[in-house]
Amino acid sequence: MTGGFTSPLKMLLPVPVLLGAVLFGVPGYVPVLVAICTFNLYLFFTTPGLTLSLPFVLIQNGALAITAITVAAVTDGFRRHLREARHRADRETRRADRVEWLADTVMMMQSITVPEQSLSVALIRLEELIPFDSAAIFLRDGDSADLKLLQAMGLPTNRIGVRTLSGRYSTRLESQENGVLAWTGDFRSGAFPYSEIDTGMPCGMVISLRTLDTEIGLLYLGTRRRTGFSTGEQDNFALFAQHILFPIQRARLQAMATTDLLTGLANRRAFRLHLQAETERVRRYEHPLSLLLIDIDHFKRINDTYGHPTGDLILSQMGRVLHSVSRGSDFSARYGGEELAIICPETSGTEAERFAERIRRTIADTEFRSTSGECLHLTVSIGTATAPTDASVPEGLLEAADRALYRAKRDGRNRVRSAKDLAAAV
């Protein structure tokens, strides 16, 4: 505007200042206010007849500045309040979404009764929350302090450096914030065992899966990112571990209730329930089902010669052998004492005999160890029976397989006999 205070538009001078204060706060009105004050002073010194108006100019500019500062301060405070409210709302929304996502994860894990499958679901879901290149879950092996690898992702067999972690290493995690121990760089020495879980990963983090007083496992993540895992990812890692602890413990206790701790095979109760279900399928669909009863030859002699601790160790090793030779659909169990059993769905009598013979040869070729490290060679006798040919109910199938097993032992042990052989002999 020209003409200074003689201009009819002089009352519009505060408008841009106030608009700047309202729209942009203090940073917005300052340059406008400075420009107007400078222009007014310029008019004062260059326009004749305005010299006497200096006090009025200063008063007007001062009032304008005070008004603008007040408006700007109120606007800034209101803007900050809205911004903080929006950020709080965004945080609460993200938190609610994360809690809902974690609840869905827990429900998915609880709906699965097989521990290994439940752990697999946990790792798949965790990948949605934290990008990683490798992962592993270790759980306590029975009453031992050692942690056994039960589930892994991105860990090729030839690169898994640790299958069992000694329990003494877990004490390092107790002093970490959120229980998370993270590292960046190659740590290949024995003093830092966690990086040996996957020696191909430069960075990783671990957290202890711990109830109030007991560590039940360990969760590991690895990444190829040289910067490692961020603080936010570590916090999410800790939160995730807290939420999956209960379903993992539940699955672990369920497994312990149906598993023989000495051999790692199913216990007698689980075996009877599974045999009942499989014979029901035989009656409904008329598919073959075979049962193998396995007895360790001269097992009493082992206990008498080497002691019961060696006998327990032999049973434990025998369980691992059966795990290694069993097929995916087979159900292996400790039936009682030194007697083991395998339920073989969709298996005819001839196929069962061939499978039993393969088991017999494998055990005969295996070197077992006593508690003192002495090498022992063992043999087994095996009896087989098939439904519905030999029997159609669990008790009948067990009785037929037991008769065949007794015949194998009577014929000299270290051999396979079937219920079909007994029927043919009669």
Would you call [X] and [Y] a salt bridge, taking side-chain N to carboxylate O under 4.0 Å as the test?
| X | Y | answer |
| --- | --- | --- |
| Arg369 | Glu367 | yes |
| Glu233 | Arg225 | yes |
| Lys420 | Asp390 | no |
| Arg407 | Asp411 | yes |
| Asp304 | Arg301 | no |
| Glu357 | Arg354 | no |
| Glu280 | Arg284 | no |

Would you mind reporting whether [Y] and [X] have side-chain heavy atoms less than 4.5 Å apart?
| X | Y | result |
| --- | --- | --- |
| Leu221 | Phe237 | yes |
| Leu219 | Leu126 | yes |
| Ile382 | Leu405 | no |
| Ile137 | Leu139 | yes |
| Leu397 | Leu275 | yes |
| Gln151 | Gln117 | no |
| Leu292 | Leu340 | no |
| Ile342 | Cys344 | yes |

Nearest 0.5 Å please: distance from the [atom1] atom of [X] over to the [atom2] atom of [Y].
| X | Y | atom1 | atom2 | answer |
| --- | --- | --- | --- | --- |
| Leu378 | Phe368 | CG | CZ | 5.0 Å |
| Asp295 | Glu339 | CG | CD | 5.5 Å |
| Thr263 | His323 | OG1 | NE2 | 7.0 Å |
| Ile244 | Gln249 | CD1 | CD | 12.0 Å |
| His287 | Ser348 | NE2 | OG | 13.0 Å |
| Arg320 | Leu265 | CZ | CG | 11.0 Å |

Under 3.5 Å: donor-acceptor pair, side chain of [X], backbone of [Y]:
| X | Y | answer |
| --- | --- | --- |
| Ser290 | Thr347 | yes |
| Gln317 | Leu313 | yes |
| Thr389 | Thr386 | no |
| Thr305 | Ile302 | no |
| Ser111 | Met108 | yes |
| Ser392 | Pro388 | no |
| Arg125 | Trp101 | yes |
| Ser381 | Asn414 | yes |
| Ser418 | Ala385 | no |

Locate the shortest heavy-atom distance separating [X] from [Y]; write the atom from each residue and the value.
| X | Y | answer |
| --- | --- | --- |
| Pro202 | Trp183 | O-CD1, 4.0 Å |
| Asp133 | Arg224 | OD2-N, 2.7 Å |
| Leu315 | Glu338 | CD2-CA, 4.1 Å |

Just do the side-chain contact (heavy atoms from CB on, under 4.5 Å) check on Phe355 and Asp330 with the steps written out, would you? CA-CA 11 Å; Phe355 181 39; Asp330 296 334; 3.5 Å; yes
Yes or no on side-chain contact (heavy atoms from CB on, under 4.5 Å) for Val206 and Val180, after CA distance, side-chain angles and deciding distance? CA-CA 6 Å; Val206 292; Val180 177; over 6 Å; no
Answer with yes or no whether the side chains of Arg415 and Thr379 bring together a donor and an acceptor at under 3.5 Å.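 Arg415 and Thr379 do not have a side-chain donor-acceptor pair below 3.5 Å.
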For atom [atom1] of [X], decide whether the heavy atoms of other residues, nucleotides or ligands shown that lie under 6.0 angstrom number more than 12.
| X | atom1 | answer |
| --- | --- | --- |
| Glu128 | CD | yes |
| Phe299 | CZ | yes |
| Arg283 | CZ | yes |

Dump the intermediate steps for side-chain contact (heavy atoms from CB on, under 4.5 Å) on Arg281 and Leu289, then the final yes or no. CA-CA 9 Å; Arg281 289 184 57 191; Leu289 170 71; over 6 Å; no
Can you name the residues that form a ring pair (Phe, Tyr, Trp, His ring centres under 6.0 Å) with Tyr306, not counting sequence neighbours?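 Partners of Tyr306 by the ring pair (Phe, Tyr, Trp, His ring centres under 6.0 Å) criterion come out as none, since no residue qualifies.
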Within 45 degrees of the axis of the six-membered ring of Phe271 and under 6.0 Å from its centre: does Arg334 put its NZ or CZ there?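 The answer is no, since Arg334 fails at least one limit relative to Phe271.
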Kindly determine whether Ile130 and Met205 satisfy side-chain contact (heavy atoms from CB on, under 4.5 Å), including the steps that lead there. CA-CA 12 Å; Ile130 305 173; Met205 59 180 174; 4.2 Å; yes
